[in-house]
Amino acid sequence: MTNKINTVNALLEIGTEEIPASYIEPALKQIEEFTAKAFIESGLKYSSFKTYATPRRLVLIVEELADKSEDRSEEVMGPSLKAAKDADGNFTQAAIGFAARNGVKPEKLITKTTEKGEYLCFIKKTKGEKTEKLLSSIFHEIIKNISFPKTMVWEESMFRFARPVRNIIALYGKKIIKFQIADVKSSNWTIGLHTYDNKKIIIDAPENYITKMKNKSVIVDRAERRETIKKSIEDVVKSVGNVIWDEALIDEVNYLVEYPVAVLCAFDKKYLDLPAEVLTVCMKKSQKCFAVNDKNGKFSNYFIGIKNGVSKYQEVAREGYEKVVAARLADAEFFYHNDLKKGLEANIEKLKGVVFHKEIGTVYEKVERVKQIAAFFNKEFGMNIDEKALFKAIVLAKADLVSEMVFEYPELQGVMGKIYAQKLGESADVALAVEQHYWPLSAGGKLPENRIAFLISLADKIDTLAANFSIGLEPSGSADPYGLRRAGIGFIRMITENLPKQDLAHALDKAFDNLPSSVKNNPKFQQAREKLSAFFWQRVESILEAEGYAADEVKAVVNASKGGRVKALGTLQPRLDALRGARQKGDFAAIAEAFKRINNIINQAKKQNITIPESVDEQLFADEAEKSLYSAAQKTNAGSQEYISKGEYDKVFDKVLEIKPVIDNFFEKVMVMDKDENVKKNRFALLNSVKNIFSSFIDFSALQ
């Protein structure tokens, strides 16, 4: 008869002063990971757990948590049986000592048979502990183990956290789990919306927590709070038009408020003369406000702020939003007109004073390199772009970096360059190129649509990558302070989608050859080209795996494509599609094994320093199976190369299927390691020729 397990819910709330919005999601992830690990290690059973958060609290709720951990048995291995007993069968000191350490007599030990032989073994049984006791340690450790980019100390114990901890709820059912963090003791109370009501809220049970908090104007469920933000915005904006949705801003605001209420505001219509991009950024950056279009779809002077708390003092909130936004728009108006008066051309010389990197040089010097690389790419890739327009766009591409507007709002780089170029009479192509040469702005972002922008973006990114790799600045782990992963992925995506068969060897050469002498003299310059090529292939593999291709298939195709060059990236995906299809036909696994066998034989020969002839000598064939394989290999090679050149990759795999029976026949009839040295080497050469048919198309050894 088994004992019934009693379960109740558990709750941990870490109440703090306002935590920065960007810290919250990573903190919740850490709480989830630590909780799952701690419950497994302690043997605590539960049905599920979930995290919640607001700017002032991090919350964990565990459902149906058992009242004690499971009883556990653990095998503790002792000395081998040979070492444990002497010739007379008596226990040795090794056995006696092992038994004593485990609190038993040697006779109570059992014998365990392992791969290494027979050993003494003690079965250590641990009774389950009460959950209340375990939670005291687990909850304490959860709080202690959350890491943040920056932390604070607020009392003499020197405990560090993102912001001062002001209260801790720790409950198992109705019982308070007792422990202390810094100067705060765990309890069953918390505080509601701090701007509205500072009275203590008693939480009598974990399952009542969310409802009780909502009744006190705190929505702890971030998903519910996000929907509340959207609905509240829709309710107030419908009388004047439609909100311009910004999902990233909603996510940020979601961690700035505990009970969101939208407030409709307006600014002076005179500011509508400013570009919509400027207006939007001013409102977003200064007050986290949403821009609004009127009912005709035109940018309006209305905007929406998100107040924290119910509708009390709404007029005061509106006045506050409007006052701050008006001040920011007045500044923006001043910057805008000043920048237009100076023009973009005047900024170009100032780029000589802007450092790109202290070991690489200035932005002005970078622009000059981009000009040379882009001109080379224009010819190398046969793009036939007007060189005058190309150079004009390159010269202006970075000019807005020293504008007053971009100095104040760096997120507008490129955007302001385009706007200023248009206002100052540059062509549409040049203006668009100034903005879009930064694209893609994220790994999956839009690629440049403008041909000039496309070319400048390629040149700019490859220069950045070559220069940084040449001084040893490579991405490592999750760290990528110079955005090199994003630049690499952007470069690869542009090549893959627009120049699918391009060999990038000369492009890489040009980027490295163009670097200043100070960079070339860096000791890390010598390995930089090879490292950048490897970096590109790693990014290629990551992109393809992210698109759903199996890791072994990606390896098989990419390994065959490397060859020391970054080439024909656009052919990888269709080849993977063909490989996926081929694996559904016939006995493809057996085919892969056959080619792996050939590969292993060749590799063994090389390890034994056997010289493999470059060509096959038909006069040395001693068996009909050799002749058949040689003939089939020649036909397969000719057919395969024709299909590869046409991009008919599924037919290449058909050729793989065709040659399989001939390979099987060879291995059945022929002994490769013949006594005659010349015959043996010729058979190696024959197998090598078979291997080379597909070596630049697929690496069979990578397939699992």
Side-chain angles (χ1 to χ4, degrees), residues 4-16 19 24-25 27-70 128-146 161 165-181 184-194 197 199-225 228 255 258-259:
K4 185 181 177 183
I5 298 173
N6 296 315
T7 65
V8 292
N9 298 341
L11 166 66
L12 173 67
E13 182 205 73
I14 311 161
T16 68
I19 300 173
I24 295 176
E25 287 285 351
L28 294 179
K29 187 176 180 184
Q30 291 176 66
I31 291 171
E32 289 166 3
E33 289 173 352
F34 188 90
T35 300
K37 183 181 176 185
F39 283 177
I40 289 171
E41 289 177 353
S42 61
L44 275 175
K45 293 290 185 181
Y46 61 95
S47 66
S48 65
F49 68 77
K50 191 173 179 182
T51 56
Y52 303 86
T54 77
R56 301 180 74 88
R57 64 200 80 229
L58 302 171
V59 181
L60 168 70
I61 295 179
V62 186
E63 294 191 342
E64 297 180 3
L65 182 60
D67 60 356
K68 73 180 191 68
S69 61
E70 293 183 312
E129 289 187 82
K130 285 189 174 182
T131 298
E132 294 167 50
K133 182 181 176 183
L134 293 169
L135 282 184
S136 178
S137 172
I138 291 171
F139 281 171
H140 185 279
E141 289 300 305
I142 285 174
I143 300 172
K144 199 174 105 178
N145 280 280
I146 303 171
F161 208 70
V165 176
R166 294 307 185 205
N167 73 280
I168 299 169
I169 297 180
L171 293 177
Y172 178 62
K174 296 179 181 295
K175 295 177 183 176
I176 297 172
I177 303 300
K178 295 182 179 179
F179 63 92
Q180 182 171 333
I181 288 284
V184 181
K185 291 181 179 179
S186 57
S187 68
N188 64 346
W189 63 265
T190 186
I191 298 295
L193 191 66
H194 74 288
D197 184 359
K199 292 178 184 176
K200 288 183 179 180
I201 303 168
I202 303 298
I203 304 299
D204 57 349
E207 52 269 26
N208 298 331
Y209 172 76
I210 292 174
T211 302
K212 278 207 169 191
M213 295 307 294
K214 193 171 180 180
N215 290 340
K216 292 293 184 178
S217 300
V218 176
I219 302 173
V220 293
D221 188 326
R222 55 197 184 276
E224 182 184 352
R225 199 166 57 247
T228 302
Y255 286 127
E258 295 197 302
Y259 196 92

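Counting heavy atoms from C-beta on, the side chains of S217 and E258 never come closer than 4.5 Å. Considering only heavy atoms from C-beta on, N9 stays 4.5 Å or farther from Y209 through its side chain. The closest side-chain heavy-atom distance from N145 to Q30 is not below 4.5 Å. The shortest distance between side-chain heavy atoms of L135 and L65 falls below 4.5 Å. Using a 4.5 Å cut-off on side-chain heavy atoms (C-beta onward), T190 and R57 make contact. Using a 4.5 Å cut-off on side-chain heavy atoms (C-beta onward), T54 and I24 make no contact. For the pair F139 and L60, the minimum side-chain heavy-atom distance is below 4.5 Å. Contact of the L58 side chain with the T16 side chain is not registered, since no non-hydrogen atoms from C-beta on lie closer than 4.5 Å.
Heavy atoms only, all atoms of each residue included: P206 and G173 are closest at CD-O, 3.0 Å.
Between H194 atom NE2 and R166 atom CZ the span is 12.5 Å, to the nearest 0.5 Å. Here the CD1-CD1 distance, from I181 to I14, works out to 8.5 Å after rounding to the nearest 0.5 Å. To the nearest 0.5 Å, atoms NZ (K199) and CD1 (I191) are separated by 11.0 Å. In this structure, CD1 on I177 lies 11.5 Å from OG on S137, to the nearest 0.5 angstrom. Note that the CD atom of E129 and the OG atom of S69 stand 5.5 Å from one another [nearest 0.5 Å]. Residue I169 holds its CD1 atom at 6.0 Å from CG of N167, rounded to the nearest 0.5 Å.
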_Run I143 and L12 through side chain to side chain contact (heavy atoms under 4.5 Å, CB included) and show every step you take._
CA-CA 10 Å; I143 300 172; L12 173 67; 4.2 Å; yes
*Checking side chain to side chain contact (heavy atoms under 4.5 Å, CB included) for the pair D67/Y172: CA distance, chi angles, key distance, verdict?*
CA-CA 9 Å; D67 60 356; Y172 178 62; 3.6 Å; yes
*List the steps and the verdict of side chain to side chain contact (heavy atoms under 4.5 Å, CB included) for K68 and L134.*
CA-CA 9 Å; K68 73 180 191 68; L134 293 169; over 6 Å; no
*Give the intermediate values and the outcome of side chain to side chain contact (heavy atoms under 4.5 Å, CB included) for residues V218 and I201.*
CA-CA 11 Å; V218 176; I201 303 168; 6.0 Å; no
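Among residue pairs with one or both ends in residues 206-220, those qualifying as salt bridge (charged side-chain N to carboxylate O under 4.0 Å, His left out) are K214-E224; sequence neighbours excluded.
In this structure, S186 contributes its side chain and I168 its backbone to no donor-acceptor pair below 3.5 Å. In terms of modelled atom types and a separation under 3.5 Å, the side chain of S136 and the main chain of K178 share a donor-acceptor contact.
In terms of the ring-ring contact (aromatic ring centres under 6.0 Å, His included) criterion, residue partners of F161 (sequence neighbours excluded) are, by chain and number, F148. Residues forming a side chain to side chain contact (heavy atoms under 4.5 Å, CB included) with N188 (at least two apart in sequence, or on another chain): L171, I176, I202. In terms of the salt bridge (Lys or Arg N to Asp or Glu O under 4.0 Å) criterion, K174 has no residue partners (sequence neighbours excluded). Remark: R222 engages E25, L28, E32, T51, R225, N254, Y255 in a side chain to side chain contact (heavy atoms under 4.5 Å, CB included) (not counting sequence neighbours).
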Could you tabulate the donor-acceptor pairs under 3.5 Å formed by side-chain atoms of residues 33-43, not counting sequence neighbours?
| unit_1 | atom_1 | unit_2 | atom_2 | d |
| --- | --- | --- | --- | --- |
| T35 | OG1 | I31 | O | 2.7 |
| S42 | OG | A38 | O | 2.8 |
| S42 | OG | F39 | O | 3.4 |

